[in-house]
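As a basis for the values below, the full set of heavy atoms in this structure was taken, side chains included, without hydrogen atoms, waters or symmetry mates. In each ligand, atom 1 is the first atom listed, and ligand 1 is the first ligand listed. Sequence positions, counted from 1, serve as the residue numbers for this chain. As the structure is a prediction and not an experimental result, all values here were calculated from the model.
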Amino acid sequence: MKLYDIIIIGGGPIGLNCALEAEKAGLTYLIIEKGTIVNSLYHYPLYMTFFSTADKLEIADIPFISTAPKPGRREALEYYQGISRHRKVNINLYEEVLKVTKEDDFLVETSKNKYLAKKVIIATGFYDIPNLMKVKGEDLPKVKHYYTEPYPYANQKVAVIGSSNSAVDAALETYRKGAEVTMIFRHAEISKSVKYWVKPDIENRINEGSIKAYYNSEVVEIIPNLIIIKDEHQNIVEIENDFVLAMTGYLPNFEFLKNSGIELQGEHLNPFYNENTMETNVPGLYLAGVVCGGKDTHLWFIENSRVHAELIIKDILNKI
Ligand SMILES: Cc1cc2nc3c(=O)[nH]c(=O)nc-3n(C[C@H](O)[C@H](O)[C@H](O)COP(=O)(O)OP(=O)(O)OC[C@H]3O[C@@H](n4cnc5c(N)ncnc54)[C@H](O)[C@@H]3O)c2cc1C
């Protein structure tokens, strides 16, 4: 079995960045990705716009040329997949890593094969596991944890749960395609992190009554024709409903991290790593990208986790 210097798990923007940094350092590497190249971005809402400007999404000093200051999903797919193609990134696709075991080296077991590596970087992101509301009826087919585009929701009664960018984008898009939209917020206001050019739009639509909003409210139960909530006065309110867009966030795969030997700390299950090297408590096993935040998925994004690749490869070069 070939022994790689590094196996990178996850071919998102940060996994790709790690690969390019490894190549620059003359190290052998393989990315193993369970979907397509930048699989999370591929599954984003079709018409989403990044909150970052194009330059903040660049990796390996390769310019990201965009027609708008803030690129959308399609441009980002072109950028990252284009890099992978042109730089001939060594990546296995549609192959899921199931287990990482530290022996003398690392044994990486996947859905298709087994591999050996001196070091492993986990860059698996957080977009695969929805943060469930854990209410009765959440498994009904009308409840969606991923939102793609507004057209299926024309003329439908849509409840959007959540107050972050994903929820606000879904509410505005579906409202503008003829849905009757009700937003249900756990907190007293819309998240401060909502894109600054979108926030006035949603606030004005709510204030004028085009989109109905329940603040300080929670979902109690979902049934085929209703969503039942507890409002800010603790009253039970039944709302007629065809679809629920549960934009309640996503979580890293904690089981995978734990089974790889990584310590998860505190109630937010923050994985342990050295901030200077990104090495975890398992020597030779590194974390990169947004997976580092545990349940605090807002902590890391492409902009501020691009540096992880350089920190990791520097540490590996010191130790290999
Ligand atoms: C809607 C949305 C908008 C965002 N906008 C911005 C923005 O404007 N600016 C910004 O900086 N950030 C933004 N983010 C955050 C950040 O861009 C993304 O989370 C980004 O994709 C993180 O990159 P990553 O490489 O760490 O993880 P990901 O891109 O999630 O990559 C992880 C990869 O690992 C793969 N994988 C997972 N488990 C396995 C396994 N067991 N085996 C093999 N492969 C596996 C996944 O398929 C995926 O391709 C946004 C996030 C979302 C959801």
Check: every ligand 1 N/O to protein N/O pair under 3.5 Å:
unit_1, atom_1, unit_2, atom_2, d
ligand 1, 8 (O), Phe51, N, 2.6
ligand 1, 8 (O), Ser52, N, 3.1
ligand 1, 8 (O), Ser52, OG, 3.4
ligand 1, 9 (N), Ser52, OG, 2.6
ligand 1, 11 (O), Ser52, OG, 3.4
ligand 1, 11 (O), Ile302, N, 2.9
ligand 1, 11 (O), Glu303, N, 3.1
ligand 1, 21 (O), Tyr44, OH, 3.4
ligand 1, 25 (O), Pro13, N, 3.4
ligand 1, 25 (O), Ile14, N, 3.0
ligand 1, 26 (O), Val290, N, 3.0
ligand 1, 30 (O), Ser40, OG, 2.6
ligand 1, 41 (N), Val97, O, 3.0
ligand 1, 42 (N), Val97, N, 2.9
ligand 1, 44 (N), Lys34, N, 3.1
ligand 1, 47 (O), Glu33, OE2, 2.7
ligand 1, 47 (O), Asn39, ND2, 3.2
ligand 1, 49 (O), Glu33, OE1, 2.6
ligand 1, 49 (O), Glu33, OE2, 3.3
ligand 1, 49 (O), Asn39, N, 3.4

- request: Classify the ring geometry between Tyr4 and Tyr115 as parallel (under 30°), tilted (30 to 60°) or perpendicular (over 60°).
  value: tilted
task: Tell me, please, which residues at least two apart from Arg176 pass salt bridge (charged side-chain N to carboxylate O under 4.0 Å, His left out).
output: Asp201
query: Could you state the interatomic distance from CD1 (Ile262) to CZ (Phe272), rounded to the nearest 0.5 Å?
result: 11.0 Å
- prompt: Would Tyr286 and Asp315 count as having a side-chain donor-acceptor pair, cut-off 3.5 Å?
  reply: yes
- request: Go through Glu96 and Lys112 one step at a time and tell me if the salt bridge (Lys or Arg N to Asp or Glu O under 4.0 Å) criterion holds.
  value: CA-CA 8 Å; Glu96 182 172 8; Lys112 294 184 179 169; over 6 Å; no
message: In terms of relative ring orientation, are Phe243 and Tyr153 parallel, tilted or perpendicular, with 30° and 60° separating the classes?
response: perpendicular
